[in-house]
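Inspection log for the structure reproduced underneath, given as structure tokens.
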Amino acid sequence: QLSALIAAGARTAPIDYCPEPAPGYRPTVALARFVRARDMTCRFPGCDCPADVCDIDHAIAYPFGPTHRANLRCLCRKHHLLKTFWGGPRGW
């Protein structure tokens, strides 16, 4: 999968491997860059949407979950909306 991303024009850039948690809802530039580099694609099983066009989502909703690299992941817009609005006992 990495070779396919590189063949499609993906580039590498130095990143901070231990960015600080953000104090609010939005991740810092360094934190967002780290999450996108770590995930590479949407984290939904089977989805290969590139991380650079994905939303950065809190696994545990803010403010209950921190804006920290361990609580953030890339989800494409479709899967982010699915996770956000398809809740309840039989939902996400």
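None of the values given here were measured: they were computed from a predicted structure. What you see below is based on every heavy atom in this structure, not just the backbone, and it leaves out hydrogens, waters and symmetry mates.
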Fill in: Nearest-0.5 Å distance that lies between atom CD1 in Ile56 and atom CG in Asn71
12.0 Å
Discussion item. Can you list everything that forms a side chain to side chain contact (heavy atoms under 4.5 Å, CB included) with Asp55? Sequence neighbours excluded, please.
Written reply: Arg77, His80
Worksheet item: Does the side chain of Thr67 reach to within under 4.5 Å of the side chain of Pro27, using non-hydrogen atoms?
Response: yes
Item to complete: List, by chain and then residue number, the residues other than Leu81 in its hydrophobic cluster (Ile/Leu/Val/Met/Phe/Trp/Tyr, side-chain heavy atoms under 4.5 Å); write none if there are no others.
Response: Phe85
Worksheet item: With sequence neighbours left out, what residues match Tyr25 under ring-ring contact (aromatic ring centres under 6.0 Å, His included)?
Response: His58, Tyr62
Fill in: Nearest non-hydrogen partners of Arg26 and Ala22, listed with the distance
O-CB, 3.4 Å
Worksheet item: Among pairs that include at least one residue of residues 56-69, which meet salt bridge (charged side-chain N to carboxylate O under 4.0 Å, His left out), considering only residues two or more places apart or in two chains?
Response: Asp57-Arg73, Asp57-Lys83
Discussion item. If hydrophobic clusters are built by linking Ile, Leu, Val, Met, Phe, Trp and Tyr wherever their side-chain heavy atoms come under 4.5 Å apart, do Val29 and Val35 end up in the same one?
Written reply: no
Which atom pairs, one a donor and one an acceptor, fall under 3.5 Å between side chains of residues 41-54 and the rest of the protein, sequence neighbours left out?
residue : atom : partner : partner atom : Å
Arg43   : NH1  : Asp39   : OD1          : 3.1

